[in-house]
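Everything on this sheet refers to the single structure shown next.
Index from 1, following the sequence.
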Amino acid sequence: MFGVGNRTIDNLEQDLLVSHQVHGQVWARQLETLRRLDLGQVATADGSRTMVEWVASRLDVSHAVARDLMFLAKAADSKVEDMLASGEVGLERAVLMARLRVAGASDSEVAASMGFDLGRLERLVAARKRITTTDEVARFADRFLVMQPNLDESVWRLWGLLPGLDGQLVEKALLQKADGFPPLPGEGRSERLADALTSVCLDSLTGSSEGAEGREVTVAEIFVDAHLAAPTFGEAGVTLSSGLRAGPNTLSEILCSGRVRITFTGEDGRPIGASDLSKAVPPALRSFIWWRDQGFCVIDGCRSRYRLQPHHIKERSQGGDHHPDNLALLCWFHHHVAIHGLGYRIDPKSPPQRRRLIRHHNHGPPLS
């Protein structure tokens with residue numbers, strides 16, 4: 001018999017079950033104590049708003065555990081509490097069984113739930129929960145979306161709440177959009193959903209452009225403090241007219257795909273020169289690049305036609321020009337997300353119709 005030290009596996013398993021039963025006995029005793037404390041309004045006396053808040057503080061548990069304990073205490077389901085005290089069920093199952101009974105299940109249905117795993121038991125409880133018109137109105141009225149930028153608007157934090165059907169609609173739309181993007185190394189579901197949200201908003205502003213050249217959406221006035229930008233290679237001293245600070249990747253994307261006017265300023269903040277407001281790539285040249293690359297993204301393995309835009313293989317900020325050999329037609333994902341967002345670069349040695357992406361400064365593996 002395998003074991004640990006001088007204890008067999010059976011011994012250790014028995015110890016675990018005994019300690020589990022002890023936990024159950026402690027929880028059952030706590031429930032009786034909580035009922036007495038609740039009757040004595042101890043929470044109000046101690047300055048807490050609710051018993052849940054008081055329990056979370058006194059027992060040093062999360063609000064979720066405190067809510068479960070108070071629910072069981074108020075439900076006063078003797079059968080469930082006896083099973084908890086005997087170690088037959090754990091705290092989570094005890095809570096779900098009590099909720100099932102409160103939702104109108106019979107004793108036999110509650111007993112039968114012992115054969116379900118916790119996930120199925122949760123679904124069973126949810127299915128029995130009644131949702132009134134008042135509940136629906138309240139949930140819809142609670143909807144909100146908050147968008148909070150940091151001080152220089154270089155990062156935005158989003159959070160909110162949606163009623164069930166609206167939440168499913170948003171998730172379905174974002175997943176559908178995200179599924180059209182190729183995977184990138186180290187990226188998970190949350191990153192893909194973030195890219196999808198940006199893409200959906202872009203479509204709303206300019207119209208979907210599947211199978212057509214991506215429209216320009218950037219008309220930028222860029223102010224460059226030459227005294228700061230030159231020694232930092234554009235990492236400092238670059239600001240948009242909106243006040244947004246722009247780093248090298250953001251600046252590169254604007255120069256690549258938008259209509260831009262650049263104003264250079266000196267140490268005193270006064271303008272010392274400016275360019276005309278013009279397209280990064282002239283219309284005739286954009287059309288040629290579109291025709292040459294056959295209306296598809298040229299990244300190896302990608303056949304997307306979503307918001308195709310010419311990209312400068314050697315960046316303009318590094319001396320790249322509008323010569324056709326320096327331009328490649330890319331879809332929005334590879335252009336905005338992979339290159340200008342994550343810092344990948346096109347390998348200039350890769351074939352024109354099978355371009356490969358490499359990490360900036362040749363760091364990391366190639367990306368198909």
Check: Any chain of hydrophobic side-chain contacts (each under 4.5 Å) joining Leu327 to Phe296?
Finding: no
Checklist line | Joint cluster assignment, Met147 & Val200, ILVMFWY side-chain distance < 4.5 Å | finding: yes
Report the residues that fulfil side-chain contact (heavy atoms from CB on, under 4.5 Å) with [X], sequence neighbours left out, ordered by chain and then residue number.
| X | value |
| --- | --- |
| Glu88 | Met83, Ser86, Met114 |
| Ala28 | Ala85 |
| Ser190 | none |
| Leu162 | Asp166, Val170 |

With [X], which residues qualify under side chain to side chain donor-acceptor pair (under 3.5 Å), at least two apart?
| X | result |
| --- | --- |
| Gln353 | Asp293 |
| Asn150 | Asp152, Ser154 |
| Glu53 | Arg49 |
| Arg35 | Glu32, Glu81 |

Notebook entry, point to check: Can a salt bridge be assigned to the pair Lys74 and Asp38 using a cut-off of 4.0 Å between side-chain N and carboxylate O?
Noted result: yes
Next item on the list: Could you tell me whether Asp203 and Lys177 make a salt bridge, using a distance below 4.0 angstrom between a side-chain N and a carboxylate O?
Entry: yes
Checklist line | Polar side chain donor-acceptor pair, His322 to His312, under 3.5 angstrom | finding: yes
Notebook entry, point to check: Do Asn11 and Thr8 get their side chains close enough for a donor-acceptor pair, meaning under 3.5 Å?
Noted result: yes
Next item on the list: Could you list who else is in Leu16's hydrophobic cluster, with ILVMFWY side chains joined at under 4.5 Å, directly or through other members?
Entry: none
Check: Hydrophobic clusters join Ile, Leu, Val, Met, Phe, Trp and Tyr when side-chain heavy atoms are under 4.5 Å apart, directly or via other members; which others share one with Phe144?
Finding: Val146, Trp159, Leu161
[X] and [Y]: which non-hydrogen atoms are nearest, and at how many Å?
| X | Y | value |
| --- | --- | --- |
| Leu308 | Cys297 | CD2-N, 3.6 Å |
| Asp195 | Val337 | OD2-CG1, 3.4 Å |
| Leu357 | Ala338 | CD1-CB, 3.9 Å |

Note to self: Can you tell me how the ring of Trp332 sits relative to the ring of Tyr306, calling it parallel under 30°, perpendicular over 60° and tilted otherwise?
What the structure shows: perpendicular
Margin query: Using a 3.5 Å distance criterion without hydrogens, assess whether the side chain of Asp300 forms a donor-acceptor pair with backbone atoms of Arg356.
Written below: no
Notebook entry, point to check: Under 3.5 Å, is there a donor-acceptor pair between the side chain of Ser350 and the main chain of Ile346?
Noted result: no
Notebook entry, point to check: Which pairs count as side-chain hydrogen bond (donor to acceptor under 3.5 Å, both in side chains) when at least one residue sits in residues 97-116, sequence neighbours excluded?
Noted result: Asp77-Arg101, Lys79-Asp107, Arg101-Asp107, Ser106-Ser108, Ser106-Glu109, Glu109-Arg128
Next item on the list: Could you name each residue pair satisfying salt bridge (Lys or Arg N to Asp or Glu O under 4.0 Å) that touches residues 12-27, not counting sequence neighbours?
Entry: Arg7-Asp15
